[in-house]
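First comes the structure, then the notes that go with it.
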Amino acid sequence: MNTNDSCISCGMPMRSADEHAAKDPTKPYCLHCAKPSGELKSYDEVLVGFAAFLTRTQGVDAAVARQSAKDMMAKLPAWK
């Protein structure tokens with residue numbers, strides 16, 4: 001596994017198999033962007049989770065977090 005792997009959906013660094021979807025290092029997205037089955041969540045599902053993460057960890061307003069998440073996701077391969 002490449003220790004420089006980053007989620008193609010949210011950009012999260014994935015340093016171990018446990019951080020990949022379904023603990024499968026061949027999956028290019030993280031456990032937070034995946035359904036329990038290991039499939040990638042929809043754009044809207046990821047956006048909601050990512051915005052909530054930014055609100056919780058950065059202390060920003062929900063609207064700012066949502067726009068920031070949209071801006072970051074627009075640069076990632078899963079959403080181009």
Side-chain angles (χ1 to χ4, degrees):
M1 176 173 32
N2 182 350
T3 57
N4 294 321
D5 285 348
S6 293
C7 178
I8 65 166
S9 174
C10 73
M12 180 184 118
M14 298 180 293
R15 296 181 186 98
S16 70
D18 288 348
E19 293 177 328
H20 284 260
K23 298 184 180 187
D24 179 352
T26 66
K27 301 243 187 241
Y29 39 89
C30 73
L31 71 153
H32 303 292
C33 292
K35 297 177 183 182
S37 63
E39 294 174 277
L40 183 62
K41 290 179 180 177
S42 72
Y43 175 88
D44 289 332
E45 290 171 311
V46 174
L47 178 60
V48 167
F50 197 3
F53 170 78
L54 292 174
T55 299
R56 186 175 62 254
T57 61
Q58 306 300 312
V60 295
D61 174 86
V64 171
R66 184 175 175 86
Q67 188 59 53
S68 295
K70 278 184 175 183
D71 293 345
M72 288 185 253
M73 288 171 66
K75 298 174 185 170
L76 295 165
W79 312 116
K80 287 190 177 190

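Remember, it's a predicted structure, so these values are computed and weren't measured experimentally.
With side-chain heavy atoms closer than 4.5 Å counting as contact, directly or through intermediates, the hydrophobic cluster containing V64 also holds V60.
Pairing each heavy atom of A51 with each of A65, the nearest pair is O-CB, 3.4 Å. Heavy-atom minimum distance, S9 versus Y29: CB-CB, 4.4 Å. In plain terms, the two heavy atoms of K23 and P25 that are nearest each other are O-CD, 3.5 Å. Considering every non-hydrogen atom in both A21 and G38, the closest pair reads CB-O, 3.8 Å. Scanning both residues, V46 and K41, for their nearest heavy atoms gives CG2-CB, 3.8 Å.
When the side chains of ILVMFWY residues are joined at heavy-atom separations under 4.5 Å, either directly or via intervening members, F53 and L31 end up in two distinct hydrophobic clusters.
Atom-to-atom distance recorded for K27:NZ and E39:CD is 8.0 Å, nearest 0.5 angstrom. Between the OG atom in S6 and the CG atom in L76 there is a gap of 9.0 Å [rounded to 0.5 Å]. One finds the CD atom of Q67 at 12.0 Å from the CG atom of D61 (value rounded to the nearest 0.5 Å). Atom SG of residue C33 and atom CZ of residue F50 lie 8.0 Å apart, to the nearest 0.5 angstrom. Atoms CG and CZ, on L47 and R66 in that order, are 4.5 Å from each other to the nearest 0.5 Å.
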* Can you check side chain to side chain donor-acceptor pair (under 3.5 Å) on D18 and S16, steps first, answer last? -> CA-CA 5 Å; D18 288 348; S16 70; 4.7 Å; no

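In this structure the side chain of M72 never reaches within 4.5 angstrom of the side chain of W79, judged on heavy atoms. With contacts defined as side-chain heavy-atom distances shorter than 4.5 Å, the pair D5/E19 does not qualify.
No side-chain N or O of D44 forms a donor-acceptor pair with one of S42 less than 3.5 Å apart.
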